[in-house]
Amino acid sequence: MTILNGQAISLEFFPPRDEAGRKRLVETANTLKSLNPGYVSVTFGAGGTTRDGTLETVEILSGEGFDTAPHLSCIGSSPDDLRRLLDRYRDMGVRRIVALRGDMPSGMGMMGSQDTLRYAVDLVRLIREHSGDWFHIEVAAYPEMHPQASGPQKDLKHFVDKVNAGADGAITQYFFNADAYFDFVDRAQMKGVTIPIIPGIMPITNYAQLIRFSEMCGAEVPRWIRLRLAEMGDDRESIRAFGVDVVTELCQTLLENQVPGLHFYTLNNAQATQAIWQALTT
Ligand code: FAD
């Protein structure tokens, strides 16, 4: 069954740490070219990786022919550093940025030094002030609420502020309950938001990692999924097969309901994303 109807696919990678990782990333990205992604994105600062790692990975993937979007987080960087980086990306021909607040490493407090922007909305404003309309700006959205928000309505207001500051599109935190996404989109549209809100899709491949990530980012792993995965223990093949079934079904529901696209968190691994794609398109 082919249910894709002009819906845009994008893929997210993180900067590899060494030469072997770089080689694997290029192989993974080229394997996933079969999904015909509109663009690929590269995370920033996540998991201890550096800004230089993002820049270098953008160069590598652009060299492989991908339209590549760096993630850029404002926390911990001075506005001047951010402007310099934007100039560098512009010189490289980059046209899309995923603009985020980011998180301070634990123990450093939330706000970092005085000379830093506090929220992603400030970064969106800085990009527009500095670079006009050169960059297409994506921002983050949280159907199940950002874990530091004081409530869903407040969080939605902060999301709408990012849109009004000039975001062109949004990518959501991952979720396994499609209703959370539809409810968020409905509420955003009622506030006048018209930009595409693309669901972020997390393949399930590793139980412990999924639980750890989800606790950090506030994504809910439904009880029935947790129980099934816990029971599978170290049986990686069963986890993989179950994960593909669950996430394919989620994608099917989303696509049938005319979502504007899907953004896959590939974790630099082609297998799971490719298996979901094959299940969706055959
Ligand atoms: P914001 O939109 O600034 O929101 C952060 C919190 O502050 C929310 O709780 C919001 O409600 C609140 N808030 C916003 N404005 C105000 C205000 N004016 N007053 C009071 N409260 C306010 N992290 C990385 O480190 N690197 C990455 O590459 C990366 N990529 C990501 C990609 C996607 C698609 C997503 C969904 C997340 C990504 N993250 C990444 C994680 C992200 O950096 C964290 O979730 C971070 O905690 C919040 O970033 P944000 O851009 O959503 O922040």
Side-chain angles (χ1 to χ4, degrees), residues 8 10-16 39-55 57-58 61 68-77 82 85 89 96-106 108-112 116-127 136-175 180-181 184 187-188 191 193 195-202 213-219 260-268:
S10 50
L11 307 172
E12 182 172 310
F13 299 107
F14 60 82
Y39 73 96
V40 300
S41 78
V42 182
T43 63
F44 179 94
T49 57
T50 62
R51 167 189 323 184
D52 290 345
T54 305
L55 197 110
T57 309
V58 169
L61 292 172
T68 309
H71 294 205
L72 180 57
S73 70
C74 57
I75 208 154
S77 295
L82 293 166
L85 197 49
Y89 282 133
R96 186 186 299 256
I97 299 264
V98 183
L100 303 146
R101 184 194 71 179
D103 292 306
M104 286 304 275
S106 53
M108 288 184 68
M110 274 309 302
M111 295 313 162
T116 185
L117 306 177
R118 283 181 76 153
Y119 297 111
V121 65
D122 304 317
L123 178 59
V124 175
R125 287 194 190 112
L126 179 142
I127 297 173
H136 178 106
I137 304 176
E138 304 283 350
V139 290
Y142 300 85
E144 295 177 325
M145 196 182 90
H146 183 267
Q148 286 151 6
S150 55
Q153 281 306 102
K154 282 268 169 56
D155 204 31
L156 177 66
K157 180 199 174 297
H158 298 140
F159 171 70
V160 174
D161 288 346
K162 293 191 281 193
V163 177
N164 292 338
D168 299 292
I171 305 167
T172 75
Q173 185 56 273
Y174 67 86
F175 54 87
Y181 168 83
F184 180 83
R187 291 189 298 123
K191 298 273 180 201
V193 170
I195 62 167
I197 301 174
I198 309 282
I201 303 296
M202 179 64 87
F213 277 3
S214 304
E215 274 167 10
M216 279 188 315
C217 71
L262 298 174
H263 178 84
F264 285 96
Y265 296 108
T266 71
L267 303 178
N268 289 13

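Counting starts at 1 for both ligands and their atoms, following the listed order.
- Residues Leu85 and Leu72 form a side-chain contact, since some pair of their non-hydrogen atoms from C-beta on lies under 4.5 Å apart.
- Residues Tyr142 and Phe175 place their aromatic rings such that the two centres sit no closer than 6.0 Å.
- The side chain of Tyr142, and not its backbone, has at least one atom closer than 4.0 Å to an atom of ligand 1 (non-hydrogen atoms only; side chain from C-beta on).
- Summarising the contacts of atom 2 (O) of ligand 1 with His158, Lys154, Lys162, the nearest heavy atom is found in Lys162.
- Sorted by first and then second residue, the pairs that involve residues 137-154 and meet salt bridge (charged side-chain N to carboxylate O under 4.0 Å, His left out), not counting sequence neighbours, are Arg96-Glu138.
- Counting only non-hydrogen atoms, the option in Tyr265, Tyr119, Phe44 that gets closest to atom 17 (C) of ligand 1 is Tyr119.
- Counting the atoms of ligand 1 from 1 in the order shown, those under 4.0 Å from a heavy atom of Ala149 are 9 (O), 11 (O).
- Close N/O approach between Thr43 and ligand 1 is not found [any backbone or side-chain N/O within under 3.5 Å].
- Within the set Asp122, Leu100, Ile75, the minimum heavy-atom distance to atom 31 (C) of ligand 1 is found for Leu100.
- Looking at Phe184 and Ile197, their side chains come closer than 4.5 Å, going by heavy atoms from C-beta outward.
- For Arg118, no nitrogen or oxygen atom sits less than 3.5 Å from a nitrogen or oxygen atom of ligand 1, counting backbone and side chain alike.
- With a 4.0 Å cut-off on non-hydrogen atoms, Arg101 touches ligand 1 through its backbone as well as its side chain.
- For ligand 1, the atoms lying closer than 4.0 Å to a non-hydrogen atom of Gln148 are 9 (O).
- Proximity to Ala140 (heavy-atom distance under 4.0 Å) selects the following atoms of ligand 1: 35 (C), 36 (C), 52 (O).
- Donor-acceptor pairing under 3.5 Å is lacking for the side chains of His71 and Thr54.
- Near Ala120, the atoms of ligand 1 lying under 4.0 angstrom from a non-hydrogen atom of the residue are 1 (P), 2 (O), 3 (O), 51 (O), 53 (O).
- Remark: among candidates His146, His71, Glu12, the nearest residue to atom 48 (C) of ligand 1 is His146, based on non-hydrogen atoms.
- Within ligand 1, counting atoms from 1 as listed, the ones closer than 4.0 Å to a heavy atom of Gln173 are 36 (C).
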